[in-house]
Amino acid sequence: MIILLTGGTGYIGSHTAIELIKLGHDVEIMDNLFNSKIEVLDKIEKIAGEKPKFHKIDLLDKDGMDKMFAEGKYDLVIHFAGLKAVGESVEKPLKYYENNVGGTINLLECTKKYDVKKIVFSSSATVYGDQGVAELTEEMQTGVGITNPYGETKHMIEEILKDVAEADPEFEITILRYFNPVGSHPSGLIGEDPNGIPNNLMPIIMKVSTGEIEKLRIFGDDYDTVDGTGVRDYIHVVDLAKGHVAAIKKMKQGVSIYNLGTGRGASVLEMVAAFEKASGKKLPYEVVGRRAGDLAEIYANPSKAERELGWKAELTIDDAMNDTINYLKHLKNE
Ligand code: NAD
Ligand code: UFG
């Protein structure tokens, strides 16, 4: 298939590009490089043996998008592109609604016009809001109690996709709700390398280990969890990438929704311990107050993806930590 990855030079998109190329798909990437680097394309080529055709285009650039679709003969689009910094979305909500929701509408107009009816969308566990239970299943009601505009954009896009599929039954749409992606490619060549100051636990741990950030601030140790710190479902990014491969093999008319997670939670302190074990170094941290909007504990029920897609996560947190340390070594030598 000829597959367009929006946001494909980013963290999850680049790992997915590798898995798709390895299977013989023709991969093209469009990205405005706001949060990724052009060098990723050479690294994809080094790992997978082929360099994806690249379009430096913004989702909001209607003419550029139209031209790309007019020339491309895409069978399927995987839509990764979006802004994802939760804190920034609270400060600059309009930027998030415009980029994520407005950008997706532009994309969907192109897919409709150029008859590309297969779409996979990168959604997030954030759409579940606070369910009052830790284990999350796809049929739970979403959109209630989302605490930030970023999460709202993911929920709105899911609703838009459902309406698009309702209006045109030929659309085959798969919504993948990611839990917390961590780790890097085992080659050490690609991984999470965000522009600017990171917000998420793993990139912060990486920057603490390199000394760019003095210490990790753990947001609360008084939750009702195994050790009082927040618990999340951390999934190795290579497993997540393979989830996309499994999903595109089973596309069907209408909208299908899957959790991509491991089904197991790990606490912040467990993540710190795993990083220390892999690196052989202590990771400086201090416990500070809770972060607004954080939940105590969530993890995926991933059984629908296993049942219907034949996919399940196979790598461990230790694998993710070892691959991250390998990636950090490569970054240092670049
Ligand atoms: P990322 O920032 O590494 O990749 C996203 C890419 O989209 C970047 O390369 C960025 O430059 C590009 N982009 C952003 N706005 C664009 C625009 N207007 N036009 C063109 N390109 C644009 O993020 P990621 O971690 O790879 O996430 C991929 C997707 O998965 C995002 O939609 C994100 O919201 C979603 N997601 C991520 C996580 C996570 O923790 N990483 C969790 C759940 C969902
Ligand atoms: N944490 C800290 N200190 C930090 C950063 C995070 O203690 O400096 C803790 C958080 O309190 C939480 C855990 O580490 O308990 C994970 O936090 P992240 O910010 O890495 O991830 P979240 O679960 O809050 O959210 C992330 C993405 C969302 C996405 C969600 C999916 O930011 O966009 O995963 O589950 F929706």
Side-chain angles (χ1 to χ4, degrees), residues 5-16 29-38 40 55-61 64-65 78-87 89 95-96 98-100 102-104 106-107 121-128 136 146-148 150-151 153-154 157 176-182 190-205 207-208 213 215-221 223 225 229-235 237 240-241 259-261 265-269 271-272 285-288 290-300:
L5 309 187
T6 74
T9 39
Y11 175 45
I12 303 168
S14 56
H15 287 82
T16 305
I29 288 177
M30 69 133 297
D31 201 298
N32 64 0
L33 299 177
F34 176 81
N35 198 35
S36 54
K37 300 189 174 79
I38 190 83
V40 166
H55 310 266
K56 185 173 184 303
I57 298 175
D58 195 299
L59 283 174
L60 298 175
D61 171 7
M65 293 281 288
I78 308 184
H79 181 31
F80 297 100
L83 298 173
K84 62 166 186 175
V86 171
S89 80
K95 182 174 163 183
Y96 275 67
E98 182 184 35
N99 190 77
N100 293 5
T104 301
N106 289 347
L107 174 70
F121 173 59
S122 298
S123 190
S124 163
T126 194
V127 300
Y128 289 108
L136 303 174
I146 296 174
T147 51
N148 58 78
Y150 163 75
T153 69
K154 290 291 172 193
I157 295 167
L176 300 176
R177 293 183 181 150
Y178 310 155
F179 282 68
N180 294 53
V182 290
I190 59 166
E192 188 163 21
D193 185 16
N195 296 335
I197 301 159
N199 305 266
N200 297 119
L201 180 64
M202 203 54 216
I204 292 174
I205 288 180
K207 288 202 185 289
V208 173
I213 295 177
K215 55 186 157 187
L216 169 68
R217 291 160 63 237
I218 296 182
F219 297 135
D221 66 354
Y223 286 107
T225 60
T229 64
V231 168
R232 296 290 182 276
D233 186 338
Y234 296 95
I235 172 167
V237 66
L240 190 64
N259 284 341
L260 294 184
S267 74
V268 179
L269 284 173
M271 293 297 281
V272 169
Y285 69 82
E286 67 174 327
V287 176
V288 298
R290 292 181 178 191
R291 181 172 67 178
D294 268 354
L295 297 173
E297 175 166 359
I298 54 166
Y299 55 87

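Start at 1 and go down the list; that is how both ligands and their atoms are numbered. In what follows, every heavy atom counts, from backbone to side chain, and hydrogens, waters and symmetry copies are set aside.
Contact annotation for D58 and ligand 1: heavy atoms of both the backbone and the side chain come within less than 4.0 Å of the ligand. Only backbone heavy atoms of S123 (N, CA, C or O) come within less than 4.0 Å of ligand 1; its side chain stays farther off. Contacts between E192 and ligand 1 below 4.0 angstrom, taking non-hydrogen atoms only, are absent altogether. By the criterion of a heavy-atom distance under 4.0 Å, neither the backbone nor the side chain of T6 is placed next to ligand 1.
In this view, S124 and T126, Y150, K154 satisfy the side chain to side chain contact (heavy atoms under 4.5 Å, CB included) rule, not counting sequence neighbours. Residues passing the side chain to side chain contact (heavy atoms under 4.5 Å, CB included) test with I204, sequence neighbours excluded: P198, V208, I213, L216. Residues satisfying the ring pair (Phe, Tyr, Trp, His ring centres under 6.0 Å) criterion with Y11, sequence neighbours excluded, are H15.
The atoms of ligand 1 that sit less than 4.0 Å from any heavy atom of G10 are 3 (O), 4 (O), 9 (O), 26 (O). Under a 4.0 Å criterion applied to the non-hydrogen atoms of L33, ligand 1 contributes the atoms 11 (O). Residue-ligand proximity, I57 to ligand 1, at heavy-atom distances under 4.0 Å covers atoms 19 (N), 20 (C).
Screening N32, N106, D31, L33 for a side-chain contact (heavy atoms from CB on, under 4.5 Å) involving D58 leaves a single residue, N32.
Protein neighbours of ligand 2 below 4.0 Å, counting non-hydrogen atoms: V86, S124, A125, T126, Y150, Y178, F179, N180, N199, N200, L201, I204, L216, R217, I218, F219, G230, R232, Y234, V268, R291, D294.
Within the 4.0 Å heavy-atom cutoff, N180 does not count among the residues contacting ligand 1. At a 4.0 Å cut-off, at least one heavy atom of K154 sits close enough to ligand 1 to count as contact.
Between S36 and ligand 1, at least one N/O pair is under 3.5 Å apart. Considering backbone and side-chain atoms together, Y11 places an N or O closer than 3.5 Å to an N or O of ligand 1. At under 3.5 Å, not a single nitrogen or oxygen of G7, backbone or side chain, sits near a nitrogen or oxygen of ligand 1. For the pair Y178 and ligand 1, the shortest N or O to N or O distance does not fall below 3.5 Å. When only interatomic distances are considered, the shortest N/O to N/O separation between L60 and ligand 1 does not fall below 3.5 Å. Here's the thing with M30: none of its N/O atoms is less than 3.5 angstrom from an N/O atom of ligand 1. The shortest N or O to N or O distance between A81 and ligand 1 is not below 3.5 Å.
Closest heavy-atom approach to atom 20 (C) of ligand 1 within the set N32, I157, L240: this belongs to N32. Across the listed options D31, T126, N35, D31 owns the non-hydrogen atom lying nearest to atom 9 (O) of ligand 1.
Atom 24 (P) of ligand 1 has as its closest protein heavy atom K84 NZ, 3.7 Å. Looking only at protein heavy atoms, the nearest one to atom 5 (C) of ligand 1 is G82 O, 3.9 Å. If you check which protein heavy atom lies closest to atom 40 (O) of ligand 1, you get P181 CD, 3.3 Å. Of all protein heavy atoms, the one lying nearest to atom 19 (N) of ligand 1 is L59 N, 2.9 Å.
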Check the pair F179 / L260 against side chain to side chain contact (heavy atoms under 4.5 Å, CB included), numbers first and verdict last. CA-CA 6 Å; F179 282 68; L260 294 184; 5.9 Å; no
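Proximity of a side-chain donor or acceptor of Y96 to a complementary backbone N or O of A85 within less than 3.5 Å is detected.
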